[in-house]
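Since the structure comes first, as structure tokens, the remarks are kept for the end.
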Amino acid sequence: MLYRLSTPGVGDEVVEIRVLQWHGECGKAFAVGELIVELETHKALIEVRAGQSGVLRRVFAAEGDWIRVGEPFAVFSERPDEPLGEDTETAAVFLAKFVVD
Amino acid sequence: MNAIERLRTMMLIRAFERTLAARPDHGFQLLSAGEEAVAVGLCSALQPGDQLLTGGRSIGPALARGVDPKTVMAELLGKSAGVNRGKAGRGHLADPEHGFFGAHAVVGGNLSIAAGVALAQQLSGQPNIVCVLFGDGAAGSGALHETLNIAALWKLPLLFVCNNNQLSVSTPRRAALAPRRLADLAAPFGVPAQTVDGMDVVAVAEAIASAARGVRSGAGPAFVECESERFGPHSTTARETRDPETLERIRARCPILRLTGDLELAGAVSPASLATLEAEVEAMVAEAVAFAEAAPYPSPSEALADVG
Amino acid sequence: MSAKAPRVFFREAIARAIAEAMRADPRVIVLGQDVGAFGGAYREFEGLYAEFGGARVRDTPVAEAAIMGIGVGAAAAGYRTLVSITYMDFVMLALDPLVNYAAKLRFKTAGRLTAPVVLKTTAGARGQGVAHSQCLESWLMSVPGLTVVAPSNPADAYGLMRSALRADGPVVFVDHKRLYPIPGNAPASDVPVPFGQARIARPGTDITITAHSFMVQVALTAADALAKEGLSVEVVDLRSLAPLDIDTIAASVSRTGALLTVEEGQLTCGVGAEVAARLRERQGGLNVARVGAIAAPVSSNHVLEAAAIPDVERVAQGVRALLRARESGHPNSVCSGGGPGAV
């Protein structure tokens, strides 16, 4: 099963977030709680950790790129060998957990 | 300044202000008859590279600091040959090249400015100090307390000199300020402070010199309170609040008479040398008046010059 | 991502402008609460303390009057100070040294002294209540001797800060709490924005909106919405309030024929009032309306705050109402937009 990683809405102010550092390449399996990527809002650094185990398959934003809040920026699969196909556009969205004051 | 120079300078201030006040075009002035020892004692302990900032009672301190009496008179009469082209007047007179960074007519307004000038001195590693002269009227202001705090914290080379002439327009100092002595205001901040007789130019000069030594050494700010009395009302438009007997008693404490008496006792002056001094001073004042009278007023277009 | 104009957070544009100025000129110093190791309330001074040290980047106690005075005095004595007052509301405490001394210094000394000081402060409502929400820049526009600027985006924040730290007199640099989350492209190298120069943020033909600071963002969003209704809105970002670029505004209004001024501050004696008055003097008859805050303090209560300050819908309503009034032959209608039912 595929799912897409996205960021939750954090108030109507924060529209764009910057990708600071990926902690793994495509193909890496992440266990629950493992650090996937660090993002930067205007105020703070956010650590995005895996809420469920899965394999990082595709990344839509490299380090230094800007992502819009609510838009998926990576695709994960439960198993490493699942085909991606069209499901990358429609797979369920998994929201990273964080809050911006 | 030696003793004769101090005497001459006090006499110059007295004669200058007397001459100014006698003119119909004297304008709005704060005069310092009776307070000359504070200005002269203070300036005699400053060095050429130091900067002095004052409040609105600026004529005495400016002359004591060595600002040319001709350009001071021209400034006070609003002429373009004045220190600031006639645009500052007494309230804002500034001659930074001669160590008179400036007067500021806002009571207490120059305190933090002076701390900024002191910060600049400190950052550039200059050995000079900054002195800010203010009255008892400014001693209740938040500006004084805020500035004392930061000056102490940052060890700024700033000398606070409070000319406590014991009246703020009509309010006696004891009705306005709670501390026993105004020098006590410096104590909470750990700033060394002393109170001296402001009618004695020698005492003022010694107190300032010793305080300035500490400030110059990098120890941080110091505070000197000079207790003085003014002969006249707060300003040329303010009503006098004291009765004639009190005024007579105050005039008997005249700092010029006092120094003259001391110098006579010491044999340092004679009636002849005093007469010479008086004549010199009158000549300087007359020269200043002539210079100012001959100078033109600024053109009205100068109202828009140097705005920003 | 262009190397010539990297996309950065608003705070990064400011920090970079200050750092570059401090590298180029050892006389530039920064004073204020929380500017040192903390890097500023919005991280807008981040990196300065580490690079330049505590002598040049100084944390101060809460004493706005004294800190402003010290910044002004040090500037008068040959340094270039940036004084940070985090909330514009507390600039009120600093008005004496700013207005009575710094703004008057060159004039009163006939040019012998001047105070190259930048007061940087953050205005605007964002849930922090009546004494932490105000936009007071219109109060300062009228002070002779003061330059007042207000960027709406990172590029102008960078460019105006660079210009401010080169000016030879006092400059008030007003930014806004709600600009900090909005990234934008800022020049990678020194591109100063001159004072007195507005910018056409969005060209249009049916109406001119003038705005500054965060309201430029609001106006642009309103313009996008109005485009769907077939209206072409030109948005002029004032950038500089004193001096005001009346030439650019007048040229725009002579093309569009209608002017809506938008500000988050009060309408009475506000920026829009000044823009409208000067345009009238320049052009005679004018179709103009103003949108601003309602005449009340701004509560931290989110419902009341939203009711108090202009938003996209009120700006759009202001545009529609002005254009309707013009069509029906009733020019010069003035609507104090911002409150429910006001339009």
Side-chain angles (χ1 to χ4, degrees), chain B residues 51 53 75 80 82-89 91-97 101-124 126 128 130 132 141-151 153-154 156 158 298 302-308, chain C residues 26-29 31 54-56 58-81 83 93-97 99-115 117 143-148 167-171 195 242-243:
Chain B
Q51 286 291 354
L53 293 89
E75 185 64 33
S80 61
V83 181
N84 307 108
R85 299 192 59 79
K87 298 171 89 159
H92 299 279
L93 201 67
D95 189 2
E97 282 85 11
F101 203 82
H104 189 39
V106 175
V107 174
N110 236 356
L111 287 159
S112 61
I113 305 297
V117 178
L119 175 62
Q121 299 276 39
Q122 185 184 66
L123 284 171
S124 40
Q126 309 250 21
N128 301 304
V130 177
V132 61
S141 73
L144 178 60
H145 304 271
E146 290 183 27
T147 304
L148 274 166
N149 180 48
I150 298 176
L153 205 59
W154 293 352
L156 296 179
L158 181 60
E302 285 219 38
L304 272 177
D306 289 318
V307 173
Chain C
R27 292 168 309 147
V28 179
I29 61 176
L31 309 176
R56 291 180 70 191
R58 293 184 177 228
D59 284 328
T60 68
V62 181
E64 287 85 353
I67 297 309
M68 188 78 237
I70 287 173
V72 168
Y79 279 71
R80 285 187 168 280
T81 24
V83 174
L93 294 163
L95 286 178
D96 175 47
V99 175
N100 285 332
Y101 190 92
K104 312 280 186 282
L105 186 61
R106 190 205 299 260
F107 180 87
K108 70 173 187 159
T109 60
R112 297 180 69 173
L113 289 169
T114 179
V117 57
V143 179
L146 264 196
T147 299
V148 182
D168 54 11
V171 178
F195 301 144

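Chain naming here is simple, since letters A, B, ... match the order of the sequence lines and numbering starts at 1 in each.
Applying the side chain to side chain donor-acceptor pair (under 3.5 Å) definition to pairs two or more places apart or across chains, none involves residues 108-117 of chain B.
For B:E302, the part lying near chain C is the backbone, with the side chain staying farther off; criterion is any non-hydrogen pair under 4.5 Å. Interface residue C:A103: only backbone heavy atoms are found under 4.5 Å from chain B. Both the backbone and the side chain of B:A94 have a heavy atom closer than 4.5 Å to some heavy atom of chain C. The contact between B:V83 and chain C is made by backbone and side chain atoms together, counting heavy-atom distances below 4.5 Å. Proximity to chain C (any heavy atom under 4.5 Å) is shown, for B:L123, by both the backbone and the side chain. The part of B:N149 that comes within reach of chain C is its side chain, from C-beta onward, which places non-hydrogen atoms under 4.5 angstrom from that chain. Neither the backbone nor the side chain of C:R27 comes within contact range of chain B; no heavy atom of the residue lies under 4.5 Å from a heavy atom of that chain. Residue contact with chain B, scored on non-hydrogen atoms closer than 4.5 Å, involves the backbone and the side chain of C:Y101 alike. In this structure, chain B has no heavy atom under 4.5 Å from any part of C:L146. Proximity to chain B (any heavy atom under 4.5 Å) is restricted, for C:P61, to the side chain, taken from C-beta onward. Using a 4.5 Å cut-off between heavy atoms, C:N100 contacts chain B through both its backbone and its side chain. Only the side chain of B:V106 comes within contact range of chain C, with at least one heavy atom under 4.5 Å from a heavy atom of that chain.
Among B:E97, B:Q121, B:E146, the residue with the largest count of heavy-atom pairs under 4.5 Å with chain C is B:E146. For chain B, the option among C:L113, C:V72, C:L105, C:T81 with the highest count of heavy-atom pairs below 4.5 Å is C:L113. By number of non-hydrogen pairs under 4.5 angstrom with chain C, the leading residue of B:A114, B:G102, B:A118, B:P96 is B:P96. The candidate with the highest count of non-hydrogen atom pairs below 4.5 Å against chain C, out of B:L153, B:L156, B:L119, B:V117, is B:V117. The greatest number of non-hydrogen atom pairs below 4.5 Å with chain B, out of C:G169, C:A76, C:A102, C:A115, is found for C:A76. Between chain B and the options C:A65, C:A75, C:P97, the largest number of non-hydrogen pairs under 4.5 Å is found for C:A65. Listed options C:G78, C:P170, C:A74, C:G111 were ranked by heavy-atom pairs under 4.5 angstrom with chain B; first place goes to C:A74.
With sequence neighbours excluded, the residues satisfying side chain to side chain donor-acceptor pair (under 3.5 Å) with C:K108 are B:H92, B:H104.
Within the 3.5 Å criterion, the main-chain N or O of C:F107 finds no donor-acceptor partner in the side chain of B:D306. In terms of modelled atom types and a separation under 3.5 Å, the side chain of C:Y79 and the main chain of B:G116 share no donor-acceptor contact.
Counting heavy atoms from C-beta on, the side chains of B:F101 and C:T109 never come closer than 4.5 Å.
Atom NZ in B:K87 sits 13.0 Å away from atom NZ in C:K104 (nearest 0.5 Å). We find the OG1-CD1 distance between B:T147 and C:I70 to be 6.0 Å, quoted to the nearest 0.5 Å.
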